[in-house]
Number of protein chains: 2
Amino acid sequence: MAKHKGHITIHDIAKALKVSASTISRALKDDKRISEATRKKVIKYAQENGYRPNVVASNLRKQRTETIGIIVPRIDRHFLSTIISSIEHYAHMHGFSVLITQSRESMVAESKAVLTMFNQRVDGLLVSTSLETEDEDNFDLFIKNNIPLVFFDRVPDNDKLNRVVTNDRESSYQVTRRLLNNGHKNIFFVNGPSNILVFRNRLKGFQQALFEKGLTWDDTLYKECDLTQASGRIIAQEILSSDNIPNAIYCSNDTTALSFLQVAQEKGLSVPNDFSLHGFSDEPFSSVLTPKLSTVRQPGEEMGRVAVERLIELIEDDKLSSETVVIPSVIKSRDSDLKIKSI
Amino acid sequence: MAKHKGHITIHDIAKALKVSASTISRALKDDKRISEATRKKVIKYAQENGYRPNVVASNLRKQRTETIGIIVPRIDRHFLSTIISSIEHYAHMHGFSVLITQSRESMVAESKAVLTMFNQRVDGLLVSTSLETEDEDNFDLFIKNNIPLVFFDRVPDNDKLNRVVTNDRESSYQVTRRLLNNGHKNIFFVNGPSNILVFRNRLKGFQQALFEKGLTWDDTLYKECDLTQASGRIIAQEILSSDNIPNAIYCSNDTTALSFLQVAQEKGLSVPNDFSLHGFSDEPFSSVLTPKLSTVRQPGEEMGRVAVERLIELIEDDKLSSETVVIPSVIKSRDSDLKIKSI
DNA sequence: TTGTAGGCGTTATCAG
DNA sequence: CTGATAACGCCTACAA
């Protein structure tokens, strides 16, 4: 096994320079009370001999790892990879390293990841929960031990926690209102599982817009699924085969909306002429579909930045109280939803 | 600063159970020569009191971190996020944690990341190089110290290194041959910068197909760029404004191909009727464009798995010799390139 | 089967 | 300004 052994330590430098190890340690980190001469000598020797500090030893001694952990359902999902990219960027800007784990939507895997992150003694943890996760129990180890923990996007429904979210309810309300104002009375809403807060909030926004128009919500125009392409197709097949196609279909992600678009095309139906279609999440493909998909753009880059900077604040200052930051999404109205002509 | 302090250690357990710390250490890791009774007692106490091993201390002592590092240009690029997802998955299956850093296409950032990874004493490193990186000099620290290092996708041109790549040259050859066989004599090739091996190889494949048809390659039908949407647009504007539009455009990624498609549409040109279009990389949007984009699908999931498993082999066995693994891509022929009718 | 002692490489404290 | 010493938590000869 290739090890980092045989590598030079501060003791080696100390011996060579006939000073103590503490002096080396200090010189290397610009401690004020080291003479300029010594410092220069030490740094010179260190560089010439390829000294590389052992962060592991330092971490152990300092009881601090300058490392944060990220747990997400998947890395290879556009929205999440954007957030992760942002987190990584700002974390390193602040001198933190980043450990990453995927839960792959499994609550058990998530739970194991939490243990691992704890055992690694990360200074803080950033989490977007799995689809199976209903509350914050999985994260008790961090909560009980008062180790900084910030949830983002998919967060537990508990405002005692640190959370960074977008305004799902408001966005969903706006989308629905727009569809209603364009004359669509029958809007079918394909949503994600309602054990997840973001989807509950989107449903609430949907319902609110309906109520305001004096319409009542009933679940004949509502379906929950895991929002995969496959599930989307199954639901699309069903809905678009009925005699009574809804005026508008509103999907809680663009992947599902795409399924509707594809099934529609297979059936010779036209969007937005036969029905309006609205997505959520603004995938890279959404703006290049024909027709261009109207959707909701979530501020991934900023959510990542805010989440990690918040986490680092908490790491640096023990006694901050928890808070929930809301970063607004923006509705991207494109070509897949239209005003009904007769209006 | 919230620390993990006050946390129970093997010494606390030892004291409570009136045995030595080594006994605890052994019991906890199923050392054979501990009595069943002691082991049970220890494990029970550990569980009830929420003992969590300090991996940092263990790492220092063992001179091994069970952690691998990943350095990539960007996390939020579909192909890379797929690879990273795969790496993370298999790494954890083998008990390794994953540290991640982006170079953001900067050689300097990449170099710093290498230092950081070394200082963290990762057991091995996985790298896809930045666009600015021309060779393996940035990674000398790992190479000289004989620490396992595996490159994937964007790799230095040196077969003394461990590398996992796809057959870029062959794929590019196949694509070009197909376009030629379909009657396209003038093929414009938009490639990435040729200081990167993958792009050199794609150019070679392109040229080889030309030569085999008795055609000569000249750079009037060739352009290198950074393959962004913006660069693609600029080149597309230029090419598609000429009186003499090439029979076919072949782009070294799908983003650039998309730019051509969009500019074509803006100019009232039709793909594939006015010119055939071929991409490379199979982005999520490619199969849902109109027309569906013909492209090359790279085996990201498998490349990630092979790279990390190779790395772990190297970590486990010091004296393996280096090798380059080639995992084939597959040509996805769709609707954006067509046989010329007159043929 | 268990205990003792020393050390992994650093940093903090105390002393000079 | 510099040095000696101990400690972070764990692992592993070596001893018993």
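Note: hydrogens, waters and symmetry copies are ignored here, and every other heavy atom, side chains too, is used. Chain A is the first sequence line, chain B the second, and so forth, proteins listed ahead of strands; every chain is numbered from 1.
Regarding A:H11, its NE2 atom lies at a distance of 11 Å from the P atom of C:dT11, rounded to whole Å. In this structure, the CD1 atom of A:I34 is 13 Å from the C1' atom of C:dT11, given to the nearest Å. Atom-to-atom, CD1 of B:I10 to C1' of D:dC10 comes out at 5 Å; the value is rounded to the nearest Å. Rounded to whole Å, the distance from CG on B:L28 to P on D:dT12 is 13 Å. Residue B:D31 contributes atom CG, which lies 10 Å from atom P of C:dT2 at whole-angstrom precision. Spacing between atom CD of A:Q120 and atom P of D:dC8 amounts to 21 Å, rounded to whole angstrom units. Taking atom CD1 on A:I24 and atom C1' on C:dG9, their separation rounds to 13 Å, with Å as the unit. Between A:R64 atom CZ and D:dC8 atom P the separation is 19 Å, expressed in whole Å.
A salt bridge is absent between B:K112 and B:E110; no separation between the charged side-chain nitrogens and carboxylate oxygens falls under 4.0 Å. Checked for salt-bridge contact, A:R154 and A:E105 meet the test: a charged N lies under 4.0 Å from a carboxylate O. Remark: A:E132 does not engage A:R104 in a salt bridge, criterion side-chain N to carboxylate O under 4.0 Å. A salt bridge is absent between A:E301 and A:R305; no separation between the charged side-chain nitrogens and carboxylate oxygens falls under 4.0 Å. Between A:K41 and A:E36 there is no salt bridge, since no side-chain nitrogen of the basic residue lies less than 4.0 Å from a carboxylate oxygen of the acidic one.
Of all nucleotides listed (D:dA4, C:dG9, C:dT2), C:dG9 comes nearest to the side chain of A:N54. For A:A57, the listed nucleotide lying nearest its side chain is C:dT10; candidates were C:dT10, C:dT2, D:dC10.
For B:T82 and B:S85, the side-chain atoms include no donor-acceptor pair closer than 3.5 Å.
Proximity of A:T9 to the phosphate of C:dC8: no side-chain N or O atom is located under 4.0 Å from OP1 or OP2. OP1 and OP2 of C:dT1 both lie 4.0 Å or more from every side-chain N or O belonging to B:T23. OP1 or OP2 of C:dT2 lies within a sub-4.0 Å distance of a side-chain N or O belonging to B:S35. Residue B:Y51 has a polar side-chain atom (N or O) positioned under 4.0 Å from OP1 or OP2 of D:dC10. A:S58 has no side-chain polar atom (N or O) that falls below the 4.0 Å cut-off from OP1 or OP2 of C:dT10. Between A:Q63 and the phosphate of C:dT11, there is no side-chain N or O to OP1/OP2 separation shorter than 4.0 Å.
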task: Determine which bases of DNA chain C form Watson-Crick or G-U wobble pairs with both distances under 3.5 Å, and write the result as a 5' to 3' dot-bracket string with | for other-strand partners.
output: ||||||||||||||||

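Not less than 6.0 angstrom separates the ring centroid of A:F96 from the ring centroid of A:Y90. Aromatic pair B:Y45/B:Y51: ring centres not closer than 6.0 Å.
Position along DNA chain D of the nearest nucleotide to A:R26 versus B:K29 favours A:R26 as the more 5'-ward residue.
Residue contacts shown for B:V19 are limited to sugar-phosphate atoms, with no base heavy atom under 4.0 Å away. When heavy atoms are screened at a 4.0 angstrom cut-off, A:S22 is found touching base atoms of the nucleic acid. The residue A:S25 sits close to a base: some heavy atom pair falls under 4.0 Å.
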